[in-house]
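Down below is the structure, laid out as structure tokens.
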Amino acid sequence: MAEHRPCTARNETPLQRADRNLVELLQELRVTQTGVQILFAFLLSLAFTSRFEDLDTVQCVTYVITLLLAVLAAALFTAPAALHRSLFQQGAKPRIVQVSSRLATIGLSVLVFAFSGSVLLVVDVTTGRAGGIAAGAATFLVCVGLWGLLPRLVRRAGLRKEADATGETAEEGPDQGDVKVPALLRRTVRQPSGLRGAAAHREASARHR
């Protein structure tokens, strides 16, 4: 019976929360899979171009490693669908969401190196080794900043804002003598009956006016 009781701020049961999280995760995977598919198709077609034979050893190694990373990223991003299909209607939805989230996180990490390797290869072929290394490093830093650092900064800013709002709420309201009463306990502090009666009388008079 406990599994059917609301347990979150959205008034959801654990199963409802797992269903919603899985839908959100699949929406995220659709976005990332598009990028992986484009990158994978580009790398596969690159091997059949006439200029591919002119690649040196370093460029060939970069190409093979990048291709394998793209394959690994595609496998990681499609694994949640296979996991859900294998465990369908077996009561494992929360566990599926947890494992799928980890797979997606690992897939993003792999995709960073696949993007960096592909940019390194293309710029190396077109402009030279130094330009390729610089472009690959820049791509790596941009992906790490947007996918790794930015979410942490946003989360930290949200936590700081919530902490400031909580502090302001605790300091607001009438002073209880020389002692500051926290906001959560202020509701439990009742006024004397005489003061409550006077306040009720003033409210009634204001209504009649």
Side-chain angles (χ1 to χ4, degrees), residues 17-18 20-86 94-164:
R17 182 181 183 183
R20 177 176 57 83
N21 290 339
L22 182 60
V23 172
E24 294 177 355
L25 179 62
L26 292 178
Q27 293 292 339
E28 296 172 0
L29 293 178
R30 289 189 180 96
V31 176
T32 54
Q33 283 177 353
T34 302
V36 174
Q37 291 172 356
I38 295 174
L39 176 62
F40 187 49
F42 164 75
L43 293 173
L44 286 179
S45 62
L46 186 62
F48 299 98
T49 59
S50 59
R51 196 173 179 180
F52 185 78
E53 298 178 355
D54 299 333
L55 300 182
D56 57 20
T57 303
V58 176
Q59 293 170 346
C60 289
V61 172
T62 303
Y63 169 78
V64 172
I65 294 176
T66 304
L67 178 64
L68 295 178
L69 289 174
V71 173
L72 180 59
L76 289 170
F77 287 136
T78 56
L83 182 64
H84 179 264
R85 179 48 47 196
S86 300
R95 186 61 178 173
I96 291 174
V97 173
Q98 183 179 6
V99 175
S100 298
S101 178
R102 293 178 181 177
L103 291 173
T105 302
I106 298 174
L108 288 174
S109 301
V110 175
L111 189 59
V112 170
F113 292 98
F115 280 164
S116 302
S118 61
V119 173
L120 169 62
L121 177 62
V122 172
V123 179
D124 186 7
V125 173
T126 55
T127 63
R129 187 62 44 83
I133 294 175
T139 302
F140 179 81
L141 293 177
V142 169
C143 292
V144 171
L146 292 177
W147 299 354
L149 182 59
L150 180 60
R152 295 185 179 182
L153 294 177
V154 173
R155 181 174 181 272
R156 184 178 301 177
L159 293 176
R160 186 182 298 113
K161 185 176 181 180
E162 292 179 359
D164 295 340

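Small disclaimer: the values here were computed from a predicted structure and weren't measured.
Within a 6.0 Å sphere centred on CZ of Phe113, heavy atoms belonging to other residues, nucleotides or ligands number 12 at most.
Looking at residues two or more places apart in sequence or on another chain, you find no salt bridge (charged side-chain N to carboxylate O under 4.0 Å, His left out) involving Glu28. Residues meeting the side-chain contact (heavy atoms from CB on, under 4.5 Å) test with Ser45, sequence neighbours left out: none. Legend: residues meeting side-chain contact (heavy atoms from CB on, under 4.5 Å) with Leu153, ordered by chain and number and at least two apart, are Leu149. Phe42 meets the ring-ring contact (aromatic ring centres under 6.0 Å, His included) test with no other residue; sequence neighbours excluded. Listed by chain and number, the residues in a salt bridge (charged side-chain N to carboxylate O under 4.0 Å, His left out) with Arg95 amount to none (sequence neighbours excluded). Arg30 is linked by a side-chain contact (heavy atoms from CB on, under 4.5 Å) to Leu26, Gln27, counting only residues two or more places apart in sequence or in another chain.
Between the CD1 atom in Ile96 and the CZ atom in Arg85 there is a gap of 9.5 Å [rounded to 0.5 Å]. The distance from atom CG of Leu29 to atom CG of Leu108, rounded to the nearest 0.5 Å, is 8.5 Å.
Every pair tested for salt bridge (charged side-chain N to carboxylate O under 4.0 Å, His left out) that includes a residue from residues 111-123 fails, sequence neighbours excluded, so the list is empty. For residues 99-120, there are no salt bridge (charged side-chain N to carboxylate O under 4.0 Å, His left out) pairs, not counting sequence neighbours. Within the structure, side-chain hydrogen bond (donor to acceptor under 3.5 Å, both in side chains) contacts touching residues 103-118 (residues at least two apart or in different chains) do not occur. Sorted by first and then second residue, the salt bridge (charged side-chain N to carboxylate O under 4.0 Å, His left out) pairs involving residues 137-159 (not counting sequence neighbours) form an empty list.
Side chain of Ser101 to main chain of Gln98: no donor-acceptor pair is present (N/O by atom type, distance under 3.5 Å, no hydrogens or angles).
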Donor-acceptor pairs under 3.5 Å, side chain of residues 121-145 to any protein atom, not counting sequence neighbours: which ones?
| residue | atom | partner | partner atom | Å |
| --- | --- | --- | --- | --- |
| Asp124 | OD1 | Arg129 | N | 3.2 |
| Asp124 | OD1 | Arg129 | NE | 3.2 |
| Asp124 | OD2 | Arg129 | NE | 2.7 |
| Asp124 | OD2 | Arg129 | NH2 | 3.4 |
| Thr126 | OG1 | Val122 | O | 2.9 |
| Thr126 | OG1 | Val123 | O | 3.2 |
| Thr127 | OG1 | Val123 | O | 2.8 |
| Arg129 | NH2 | Asp56 | OD2 | 2.8 |
| Thr139 | OG1 | Ala135 | O | 2.9 |

Going by atom type alone, with no hydrogens or angles, which donor-acceptor pairs under 3.5 Å involve a side-chain atom of residues 67-80 and a protein atom two or more places apart or on another chain?
| residue | atom | partner | partner atom | Å |
| --- | --- | --- | --- | --- |
| Thr78 | OG1 | Ala74 | O | 2.9 |
| Thr78 | OG1 | Ala75 | O | 3.2 |

